[in-house]
**Student:** 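Take a look at this one; I'll ask things after.
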Amino acid sequence: MEALIAITIGVLVATSVYLMLARNVLRFIFGLVLISNAANLIIFASGRLTVGAPPLIPVGADGPVGDVANALPQALVLTAIVIGFGLFAFALVLMFRAYSTLGTLYSDDMRIAEPRTEDKT
Amino acid sequence: MNSIILRVGTRYLCGLLVLFSLYMLIRGHNEPGGGFIGGLIGSTGFVLFALACGTADARNALKIMPQNIAMGGLGIALLAGIFAAFFGDALFTGQWLFINETPDDKGIPISTVLFFDIGVYLVVFGSILSIVFAMEEEI
Amino acid sequence: MTLMDTVLTLGFALVFIGVGLALIRLAVGPTLPDRVVALDQMTVSIVAFCGLAAIRSEDAAFLDVALVLALVGFLATAALARFAERVVVRREAEEEQEDSQ
Amino acid sequence: MTWTLATPLVLPFLTAVLAFLARYGTTGRWFSVAGNAVLLAASILLMARVLDQGVIATQMGGWAAPFGITLVADYLSAVMVIITAITALAVSVYALTDIDVRKEQLGYHALFNILIGGVVGAFLTGDLFNLYVWFEVMLISSFGLLILGGNKDQIDGGIKYVTLNLISTILFLSGIGLLYGMTGTLNMADMARAIDSVENQGLVTVVAMMFMVAFGVKAAVFPLFFWLPAAYHTPAFSVSAVFAGLLTKVGVYALIRMFTLVFDGDVGFTHQILLWVAALTMITGVLGAAAQNDIRKILSFHIVSQIGYMIMGLALFTPLALAGAVFYLVHHIVVKANLFLIAGVAERTAGSTDLNRIGGLYKSAPLLAVLFFIPAFSLAGFPPLSGFWAKYVLVAAAIEIQGWIIAAVALLVGLLTIFSMTKIWAEAFWKPHPEGADPALSQLTPQARRHLLIPIAALAAMTLVIGFSPDPFVTFAKDAAAQLLDPTAYITTVLGGEA
Amino acid sequence: MNDTATAMHPTGNGLVGLIPVGIALLLFGWFLSLAPAVADGQSLRLVWDWVPSLGIAMSFLVDGLSLTFALLISGIGALVLLYSNTYLAGHPQFARFALFLTSFMLAMLGLVLADNLIGLFVFWELTTITSYLLIGFGHDTTKGRRSALQALFVTGAGALALLAGFILLGFSMGSFELSEILAQADVLKAHEMYLPILILILAGTFTKSAQFPFHFWLPNAMAAPTPVSAFLHSATMVKAGVYLMARMHPGMSGTDVWFWTLTIAGAFTAVFASILALRQTDLKQALAYTTLMALGTLTLFLGQTSGYAMTAFATFLVVHSLYKAALFLVVGCIDHSTGTREADVLGGLGRAMPVTAFAAGLAALSMAGFPPFLGFIGKELKYAGILAIGSEPFLFAAALLTANALMFAVAGIVALRPFWQRTGVALPRKPHEAPWPMLAGPVILAVLGALFGVYPDLLQVALVDPTVKSLLGSIEDAKELKLWAGVNMPLFMSIVTVALGAVLYLGHKRLRPALGRLVDAAPQFDNGWDKFLLALKSFAAWQTQIIQPGILRRYIFATFATVLVALGGTMIARQAMPTWPDLTDVTFQNIALVVLISAGAILTALTSSRIAAMAALGVVGIGVAMIFIVFSAPDVAITQLLVETLIVVLVAVALLRLPVLDENGRDHRPLDAILAGAIGLSVTLVLLAVLETPLDLRLTEYFEVTSWPEAFGRNIVNVILVDFRALDTFGEIAVVVIAALSAYALLRTTHPRKDP
């Protein structure tokens, strides 16, 4: 099953890279969401997969009963998801602001900080 | 949004969501839940409020600026970590106090870890609301 | 394979068919509300999916997932619905503008 | 006392919270200054302990390594923390005048101090995932600082900065996942031990390359530095100064840390690539600077080219070369932050940072000229300023192992650095002001003069001190390099529990 | 600085001007007091351990060679400082000037006294910086700035080569102490690194002492005030290169490379420079070129190892410093009083400026090589020295003779014509004698030139012999300085020189156009400098335009291409490919999940409808959440779903203001698609390979065992978050707070009115 996840991650990465390379920065944002998911899945899969046994300790026991899923990657992924959300929110607001300030979402037209040399006087 | 149903329903739903989020927060140490999930759920309540009734109402209902909530949460989380210093432990060492402890049952636990999780809750809650409110007000 | 297993498998299959159909509707459209409803349907399917997962693993933890999703899942739909509403309003306004020109 | 390591990490966050809650008054900014002063004291304390014990480590939450998160400081970490504190204090004083009330109310001081917290965290942590978290803290606060002001060029530069850094972040995160999948640990010291037993060593190299790219973006090396010249000239001067001084250095630090501690198994491959990267970074950076006509743009490209020197020290991988890299790091933070601060004063007095539109500072602002001259010629590597020793050690290290080409590149780039620095000097200082103005420091209020010039003078004095008595610094850098090349002490201290 | 203070002040600048003179005089006195000991063959060494960790000491050695230089520097320095105090009286930037000039003098002294390679280099660069500031003293003009940069850049480039050479030398010989290195001359000459070291060091010295083809910066450096030129061109800056060659002479000379390089470069520079000198009409420029000629000659001698050549070197060094400083100062006086330096305009100053004329005459006679001046002795020795060359002596002798004859003519042009020739052209100002502080220098220097000519023993014992000893190791090889050495070849050559020089002087006006054509035909190095700068700038602009075009897509493409090369390339280079994965445990449910996620992802990438893209993103998020559910991660699944919901909400809000995705229709980007596919493939392969390695679960097991008993929590994931790895979580919430603050600031930063 890990192999299948690996392929899924490959697809996610490929589509997100394609999206990030687009002219429209909104697509970059979409690509960012996808690739964050891919990175989270990489961490999740690296901790190996266990079906149907959440890492919880039943009342009365001192440790989990039977084989449970690897808890550490789950904690890392949780952290990464929240961080990813923070980054996403900022990036989205940035693009939003870029449109209202620069009047475009096309990155080719965003040349204020680095004007073309021929534009210089 | 011009939906009476949504607007009326939201008042109740928002309270319910916040209540539910607190439940998720408190039980988080033992069951699925915790500060992140609690904060996220709590914030969705007010996001819904803002969508349905506008941010002005939502801000009024909240009373405190969401950024201050978030920053305050960060402060609480930090203090929960620093608290260990009074006991000579390293940063973020959990300090526990069990009320009504018996040999079989640990009783009601009060811990810095819980305060830390409350800090997390407030941060997530406040942060999401400050972004969403600010965005809403730009539309 | 017990009856329970069979039922579960069937349940999962149905959920996936539902999700698949929603996905097609989502891709094809053609209108915005079509897509919004498709997404909403997908959310509901996941609630069912969580329930099935809880039954299969005999772990109540997955019910929490279902609960949370059921509580907040409509939020996305609501936001999208508002978006659809505004877009329609804006488009009408634009058309009016064009008419008046 | 287990808090020697934790205090420098906690302080900036505490400062940030207090400064934010007091952002509508004038107390916020003084919280920032006071907090950074205490931070400096704490980091000096840390340094004293490190000098005493070599490597110190403490386990967060009391959970033994490798299970919990370890904070650890060796010579390199300690010196980076001290330099960070110095820069932070200097910039926070400068910001008293440079940052307007509006930016303060939007949370400048909180963003700034959390940025410092992230930087300190990155230097002190001994845990790879924790390093990622601090990178994020740094990154997102730098986003905030960059766009504070909302000018068009800031938004535009911000988009490039944000997009490219996000790519690096994702790469870093995925790399952590993969490393965890191979070694089963996140503690860097533990990882250094565990990674040798991974069967597929080729795969380790692949992951190492992934980290090289991820950190390479942060450190702004060729061909990944695009975001830096696109953005660094846009924010407030305090912000550019702290960016220029610290941000890329964290990337360099991470490269040095990972490629001495963990990825030292395939040096022939990875470090050879680093050497090429270093050479190309130096050259493209310095040529980029030669093509610019704005003080901040010139300085930005120079950051890139100077990063090349530090990478060169890492790539050569000899004791002397690593000592050179460490020395260069310290020297460069002080000098480059200062140059940006000076550019701010130049803009305030002469009206712009565009070299075509300013001039006359030499005649009417001689103090500023002196203050510029010291870091600028230090950057260009003139003895006996700090930059000379940095360059000398690196070139000597290259010549020592007969790396003729890299030595030649390093020297040639030094020459072109002179070219850029004298360009600023000739245009902004020597040339008469194109509009006939006499830009003098007396245009500023006495209070503004104090706030702006005291940090600049202090940093310039540091440059002079390092330059005139380099011996303790070189000795220190050599010791730090020795620790990096033989991480046994680091690993045992981390894994052996409380030092 | 206050501009109102520019009024000329005849007594100079008060203490600011006099203190430097005092410093220089004290130093001169101190060096003079060392002279007897050094003349006795002793040497004095001072060591201060500067950077022991790098083996660098600040060590100083006073021997014959360094003392000669030190005396010239401090002595002429004192006179020049005195002179400039009046010359620049009341100048608003005089304090800086005095500071720079004094620093320059001190740096120069350090340079000649240093006995450590790196110490020497430090002073070497200090002279570069201070001379940059001095040449750029007239910084208001483009020309002044250009000249300063040119001098800095050319000598700076050489200095970097020099640094490399020094480091190489230090490592090769195992010491950075010059005296230790030079003591092992045989080892050095036989060392495999000898040639690179030699080339690098000569690159430094040739640029500094303006040997052909690096000569062009020196005449331009005339942009500096005249006293600076006098100082730079007589005893200091340019002599630094000569000094270093002399210093290295005992250790490196005697090889064929050394001989031919120095001899040819020196001879060529000498002839070339004297031709150029004759062509000039600006007195200062003419003198500048004669400086080049002198430097060429000195270099030529250093190429040799004979006693004659060394004596000639030592003598001519002193001779040249004396008369050149004097003449420059004289030109300064003329410029100061008449307002021009044009040779064709000036004339008849002899009556108005008798003292100046006297000094100029003495110096010029010394320069021209008339007996009984020191210049004559110098010239005789030069001829003797050149004839002692092992191979091709006559060729070099002829070159030297030409150069000397040309110098003779220039001496006439500079020192005779302005004073004694009558011209009809009116001068800009009425000439008058300069004040005494400005006359002291030229007079003292010129008289010294005459004095030493009459009493050559004085010079011989005090300076020449010790210098030769430093160069050759023994004093016996020093040849005697004599006014009358009998009828011999040098005397004959002197006579020819005078005759030829006289012809050239009389005919120089007619010669000038011809020389001009000749020189113009040769490559113009000064124009070359401009072309070089232009080429550098346009190359820099070109490469920057390619690397940093300001187009985000190219940056992202380059970054991802690097990722691909790093991942894919390394996988191939390091053979890290995974084996074929095991797919037996795959269920239909898993496949359905994978298909769902992939379909969502591809739909996001390909659709041109914003709402479809957003919904498809939701699909992917839901699919990933389902993976978390299936593989037992309820906490993660809840978080993922909540975050996904919020993402949709935020995007939906943002889209209300944003335009549709593709205003110009859909874009197909095959190249991007290939790159994207390749990266996706390499990520999959890397992950597959990683998943093949066994996973060490120590950490997780520890957490499972301690979670409840020690951390009192049953939800291991939550315990990890808030206890085991609380610091991560703390950093994470800091990220969230800051993201919110940043986003808020971004939205509000230019809308103060809306701030609640």
Side-chain angles (χ1 to χ4, degrees), chain D residues 60-61 63 67-69 106-107 110-111 114 129-130 133-134 136-137 140-141 143-144 147-150 160 164 167 178 181-182 184-185 198 200 202-203 205-206 209 213 223-224 226 229 284 287-288 290-291 382-384 395-396 399-400 411 414-415 418 422 426 430 432 470-471 474-475 478, chain E residues 51-54 122 125 129 136 139-140 145 149 152 156-157 160 164 167-168 171 536-537 540-541 543-544 547-548 552 555 558-559 562-563 566-567 570-571 574-576 686 689-690 693 695-699 702 723-728 731-732 734-735 738-739 741-742 745-746 748-750:
Chain D
M60 291 295 93
W63 303 104
F67 309 112
I69 292 171
L106 287 171
L111 292 168
I114 289 189
F129 192 80
N130 199 232
V133 171
W134 298 127
E136 293 308 304
V137 170
I140 190 85
S141 25
F143 290 169
I147 49 78
L148 211 58
K160 286 157 190 167
L164 294 165
I167 294 172
L178 296 174
M182 286 193 288
T185 185
V198 174
N200 190 345
L203 192 60
T205 310
V206 175
M209 292 303 295
V213 176
L224 304 162
F226 317 107
T284 47
L287 285 177
F382 272 100
V395 172
I399 289 178
E400 190 183 40
L411 288 171
L415 185 65
I418 299 175
T422 51
W430 268 355
D471 194 55
V474 174
T475 313
K478 281 188 154 182
Chain E
V51 197
S53 50
L54 293 172
V122 168
E125 285 288 56
I129 301 183
H139 55 81
D140 283 346
R145 295 194 296 273
L149 177 64
L152 179 75
L160 291 171
I167 295 173
L168 201 54
F171 282 146
L536 178 69
K537 278 181 195 160
Q543 82 108 48
T544 310
I547 293 181
Q548 193 79 26
L552 179 63
Y555 298 164
T559 307
T562 313
V563 172
L567 280 185
T570 314
M571 280 204 91
R574 281 301 186 239
Q575 287 146 11
V686 174
V690 166
T693 60
L695 178 64
D696 182 351
L697 284 172
R698 280 182 308 139
L699 266 60
Y702 177 86
D723 203 334
F724 292 117
R725 300 185 66 88
L727 192 61
D728 275 353
E732 179 195 352
V735 170
I738 289 298
L741 285 188
S742 306
L746 187 53
R748 288 302 157 78
T749 181
T750 50

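Throughout, protein chains are lettered first and strands after them, A, B, ... in sequence-line order, and every chain is numbered starting at 1.
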**Student:** If the plane angle is over 60° it's perpendicular, under 30° parallel, otherwise tilted; pick one for D:Phe226 and E:Tyr555.
**Tutor:** parallel

**Student:** Got a second to check how far E:Ile167's CD1 is from D:Ile399's CD1, nearest 0.5 Å?
**Tutor:** 4.5 Å

**Student:** Answer whether the closest heavy-atom distance between the side chains of D:Pro223 and E:Ile547 falls below 4.5 Å.
**Tutor:** no

**Student:** Mind ranking D:Val474, D:Val198, D:Thr205, D:Val395 by heavy-atom pairs under 4.5 Å with chain E and telling me who comes out on top?
**Tutor:** D:Val474

**Student:** Given that the side chain runs from C-beta out, which part of D:Ile69 has a heavy atom under 4.5 Å from chain E: side chain, backbone, both or neither?
**Tutor:** both

**Student:** Out of curiosity, D:Phe67 CZ to E:Arg698 CZ, how far, rounded to the nearest 0.5 Å?
**Tutor:** 6.0 Å

**Student:** Could you tell me which non-hydrogen atom of E:Leu695 sits nearest to which non-hydrogen atom of D:Gly184, and how far apart they are?
**Tutor:** CD1-CA, 3.6 Å

**Student:** Could you tell me which of E:Leu152, E:Asp723, E:Leu149 has the largest number of non-hydrogen atom pairs under 4.5 Å with chain D?
**Tutor:** E:Asp723

**Student:** With respect to chain D, which residue among E:Leu697, E:Val563, E:Thr544, E:Leu567 yields the maximal number of heavy-atom pairs within a distance under 4.5 Å?
**Tutor:** E:Thr544

**Student:** Contact part of D:Val213 toward chain E, heavy-atom cut-off under 4.5 Å: side chain, backbone, both or neither?
**Tutor:** side chain

**Student:** Let me confirm one number: the OG-CG distance from E:Ser742 to D:Leu111, rounded to the nearest 0.5 Å.
**Tutor:** 5.0 Å

**Student:** Please check if the side chain of D:Asp471 supplies one atom and the backbone of E:Ser53 the other of a donor-acceptor pair under 3.5 Å.
**Tutor:** yes

**Student:** Just so I understand: if I count every heavy-atom pair under 4.5 Å between each of E:Ala689, E:Ala726, E:Ala558 and chain D, which residue has the most?
**Tutor:** E:Ala689

**Student:** Which heavy atom of E:Val51 sits nearest to which heavy atom of D:Pro470, and what is that distance?
**Tutor:** CG2-CG, 3.5 Å

**Student:** Can you sort out the partners of D:Phe129 under ring pair (Phe, Tyr, Trp, His ring centres under 6.0 Å), two or more places apart, ordered by chain and number?
**Tutor:** D:Tyr132

**Student:** Looking at every non-hydrogen atom in both residues, tell me the closest pair between E:Gln575 and D:Asn200 and how far apart they are.
**Tutor:** O-OD1, 4.3 Å

**Student:** Over all heavy atoms of both residues, which pair between E:Gln543 and D:Gly288 is shortest? Give the atoms and the distance, please.
**Tutor:** NE2-N, 3.8 Å

**Student:** Who wins among E:Asp728, E:Leu741, E:Thr559 for the most heavy-atom pairs under 4.5 Å with chain D?
**Tutor:** E:Asp728

**Student:** Between E:Glu125 and chain D, with a heavy-atom cut-off of 4.5 Å, which part of the residue counts as in contact: side chain, backbone, both or neither?
**Tutor:** both

**Student:** Would you mind telling me which of D:Gly61, D:Gly181, D:Gly144, D:Ala290 has the largest number of heavy-atom pairs within less than 4.5 Å of chain E?
**Tutor:** D:Gly181

**Student:** CE/D:Met209 to OG1/E:Thr562 distance, rounded to the nearest 0.5 angstrom?
**Tutor:** 9.5 Å

**Student:** If I take atom CZ from residue E:Arg725 and atom CG from residue D:Asn130, how far apart are they, to the nearest 0.5 angstrom?
**Tutor:** 6.5 Å

**Student:** As an exercise: rank E:Asp140, E:Thr693, E:Asp696, E:Leu160 by heavy-atom pairs under 4.5 Å with chain D and give me the winner.
**Tutor:** E:Leu160

**Student:** Is it the side chain or the backbone of D:Leu415 that comes within 4.5 Å of chain E heavy atoms, both, or neither?
**Tutor:** both

**Student:** Can any side-chain N or O of E:Glu732 pair as donor or acceptor with the backbone N or O of D:Val133 at less than 3.5 Å?
**Tutor:** no

**Student:** Can you tell me which portion of D:Lys478 sits under 4.5 Å from chain E's heavy atoms? Options are side chain, backbone, both or neither.
**Tutor:** side chain

**Student:** CE/E:Met571 to CG/D:Leu203 distance, rounded to the nearest 0.5 angstrom?
**Tutor:** 6.0 Å

**Student:** For D:Pro384 and E:Val122, work out which heavy atoms get closest and say how close.
**Tutor:** CB-CG1, 4.0 Å

**Student:** Please name the pair of heavy atoms, one in D:Pro432 and one in E:His139, separated by the smallest distance, quoted to 0.1 Å.
**Tutor:** CD-O, 4.5 Å

**Student:** Any side-chain heavy-atom pair from E:Leu699 and D:Thr185 closer than 4.5 angstrom?
**Tutor:** yes

**Student:** Which atoms of D:Leu164 are under 4.5 Å from chain E, going by heavy atoms: the side chain, the backbone, both sets, or neither?
**Tutor:** side chain

